[in-house]
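Below is one structure, written out as C-alpha cells; comments come after it.
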Amino acid sequence: MSVFKKSILGVKYNAIFNTLINIVQFTVTIVAARMLNENDFSILGILVPIIAAMYLLAEMGLSTAIIQSKEENIAPYASSLMVVSIWLGSLIGILFFAFRNYIADFYEQPEIANAILILCFIVIAKTYSSVISALAIRNLDFEVEAKARFYSSAVTCCITLVGLLIYKSYYFIIMSYLLIPISSALYIKSKLEYTNIKFYFDLEKYKKISNFSTKILFSNLIFFISRSGIGLFAAKIFSPTVYGNYYLANQVSNYPRTLFNGVINNVVMSSLSKIQSDNNKFRDKSLELGDLVTFITSPISIFMIFASHEIFITVFGEKWSDAASIFGYLSIFIWFSMVGAIPALSLQSKGYAKQILNANLLRVPLVILLLYIVYSNDYTMYQFVVGLLTSELVPILYLIFCYIKFLEVNFLTFCVKYFKSTLYYVPSIFLSDLILSTLSLNQNFLGLILNFALSFLIYILIYRIFSHNNFTLKVLLFSSIIKEKKS
C-alpha cells in the first residue's frame, strides 16, 4: 500500500477514534464543571501545565525525532532515547517534589503540594508511552495507535466519572493523566511486536538522532512558555475564581484542537516524512492535505466563533457565564491554529526545525509584553485573552511565509487551498441564521444544532457550485476513506 493511501487510512482511523476520545473526555469535563467549583478548576489549571512542563523537559522532542528519522532500523535509537527520557523524567520529578512546598506557597494553594508526587509518576509514564506511540506512528500503524488512545481514554474516563460523582474531587482527573499513557502503551506493545524494544543506551546512536530532537525541544519549550505555560503566570496574576473560569474555557477550546491536531499531527507528519526527498511530490501532497483539512475544520471552527456563548451556557450551566465569554474569544484561535497547522507540520516533516523554533521565539516578546501590561495596569481577563490571540498571529504568518518560501508554493495557490473553505462557509452561516430566525427556530440548543446542520448543507452546496471538480475529488476521497481496508 502506498504512503498516501496509508495516510488516507490514517485520516479515517484518527478521525473516528479522536472523535470518540473527545466525546468521552468532554463528558468528563461536563460532569467536572457541574461537580467542582472555580477554585478546583484553578488548582487543575496549575497542576496540568506543570505536568506539561515536566513532560516537555523529559521527553525532549524525542518522539518527533523518532517519527522524522530516516534510519531504517529505528529500534536501537528509540531505546537509547527512551532511556534518556525516563532518567530525565525521574530526575525532574525528584526536583519538583523537593520544591513542592515552595510551589504551593507561591500560588497560595496548599493542596498543590500533596498532588505533585503523583505528577512525578505521570511524567515517567507519559515519556515511556510517547516513545511506544512514536514507533507505531512512524510505521504508519495508525489504527493500532488510535485504538490504544481510545480504549485507554474510555476506561480511564469511566473511572474518573465514578470518582467525580461519588467524591467530587479533582484528584480523579489528575489520576487519569497517569492511567491513560500506561494503558495505551501496554495495548500498543501487545499488538505490535516491534514496539517491544530493549531498555539499553548507546551513546553514539543517541548523538546521531538527538540533534534534531534538541531543536524540537527548544521549540516546544518556547511554545509551552508562551502559550500553555502562560496559564501558570495567569494563575498568579488573577484570583482563583477568575483563573478557574479561564482554565475551564481554555480546556473546552482545546477539544476541537485536540480532535483536529490528533488527525493532522499523526497522519500528516509521518506521511510527509516518508516522501521528504521528493520536493515536488512533497509540496503537492502538502497542499492536498491542507485543502482536505480546511474543508473539514473551517466550518466547525467558524461556527464555534459565532455560537460559542450559547453552546457553553447550555452545556455547563449559568454559573460559568464568565467562562462562556472567554470561550468566545478563544474560539477565534481554533481557526488561527487550523490555518497554520499544515504549513508548520510540513516544515517540520521536511526538517526545518529552526523555522519552527523561530516562530515560537517570535511569540515570546509579545507574551512577555502582554504579561507586563496586564500585571502593571490591572487589566481584565478579557483583555488578557485578546492579547493572547494577537500574540498568535505573528508566528502563524511567519510559518506561512516560510512554507511558501522553502517549499516554493505559489502564494495564490496557497490562498485558494487554505482560505476557500472559510470564504464559502461564512456566508453560509449568515444565510442559515437568517432562515432560522425568520422561522423562529434558533432560540434554543436544538436551534444551534439546526443552524450548524443547515449552514453546513448550504456550505456544501456553495462548494459544489463554485468548486465542482475539487468537490468531486473530495467525495471520491471520503468514499475511499470509508471503504478502504488496510491491506
Side-chain angles (χ1 to χ4, degrees), residues 7-33 44 48 51-52 55 59 63 67 122 125-126 128-137 140-164 172-192 195 228 247-270 293 296-297 300-301 304 311 315-316 327 330-331 334 337-338 341 345 481-482 486:
S7 70
I8 295 303
L9 279 172
V11 171
K12 172 184 175 180
Y13 292 126
N14 276 271
I16 292 171
F17 288 110
N18 277 2
T19 300
L20 294 173
I21 290 169
N22 273 265
I23 291 172
V24 171
Q25 293 180 342
F26 189 64
T27 302
V28 173
T29 302
I30 294 173
V31 174
L44 285 172
V48 174
I51 293 173
Y55 170 69
E59 195 265 348
S63 58
I67 296 172
I122 291 174
K126 284 175 68 69
Y128 177 74
S129 179
S130 67
V131 173
I132 303 301
S133 297
L135 288 170
I137 294 169
L140 306 182
D141 282 308
F142 300 118
E143 181 181 5
V144 174
E145 192 274 337
K147 283 183 176 179
R149 285 186 290 110
F150 169 66
Y151 293 148
S152 60
S153 296
V155 173
T156 302
C157 287
C158 288
I159 297 172
T160 305
L161 281 174
V162 173
L164 282 171
F172 289 93
I173 297 177
I174 296 299
M175 285 301 298
S176 69
Y177 285 87
L178 175 64
L179 298 176
I180 289 175
I182 292 175
S183 52
S184 177
L186 290 175
Y187 180 86
I188 294 174
K189 287 170 70 67
S190 69
K191 297 294 182 181
L192 303 175
T195 60
S228 305
Y247 180 70
L248 176 60
N250 188 53
Q251 282 296 98
V252 176
S253 72
N254 279 334
Y255 285 115
R257 278 187 278 171
T258 303
L259 173 62
F260 298 150
N261 291 338
V263 176
I264 295 169
N265 292 359
N266 291 352
V267 175
V268 173
M269 186 172 177
S270 56
V293 168
I296 302 169
T297 60
I300 299 173
S301 56
M304 288 182 62
I311 294 171
V315 174
F316 297 101
F327 178 70
L330 293 175
S331 298
I334 298 172
S337 61
M338 290 305 101
L345 285 171
I481 292 174
I482 296 171
K486 191 173 182 180

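Just so it is clear, the structure is predicted and the values come from calculations on it, not from any experiment.
Between the CG atom in L135 and the OG1 atom in T195 there is a gap of 7.0 Å [rounded to 0.5 Å]. Here the CD-OG1 distance, from Q25 to T160, works out to 9.5 Å after rounding to the nearest 0.5 Å. Atom CD1 of I137 and atom OG of S130 lie 10.0 Å apart (nearest 0.5 Å). Within the model, atoms CD1 of I311 and OG of S331 stand 7.5 Å from one another, a figure rounded to the nearest 0.5 Å. Taking OG of S133 as the start and CG of D141 as the end, the distance is 11.5 Å to the nearest 0.5 Å. Rounded to the nearest 0.5 Å, atoms CD1 (I51) and OH (Y177) are 6.0 Å apart.
Side-chain contact check for I122 versus Y55: every heavy-atom pair is 4.5 Å or farther apart. Using a 4.5 Å heavy-atom cutoff, the side chains of F172 and L161 are not in contact. Looking only at side-chain heavy atoms (C-beta outward), L44 and I173 come within less than 4.5 Å of each other. By the 4.5 Å heavy-atom criterion applied to side chains, T29 and L248 are counted as neighbours.
Heavy atoms of other residues, nucleotides or ligands lying less than 6.0 angstrom from NZ of K189 number more than 12.
Judged by distance alone, the side chain of S190 and the main-chain N or O of Y187 form a donor-acceptor pair under 3.5 Å. The main-chain N or O of S153 is never found under 3.5 Å from a side-chain atom of T156 such that the two would form a donor-acceptor pair. The main-chain N or O of L179 is found under 3.5 Å from a side-chain atom of S183 such that the two form a donor-acceptor pair. Checked by atom type and distance alone, the side chain of S253 pairs as donor or acceptor with a backbone atom of N250 at under 3.5 Å.
Between F150 and F17, the ring planes are tilted. Angles from 30° to 60° get that label.
Closest approach of P181 and A125 over heavy atoms only: CB-O, 3.8 Å.
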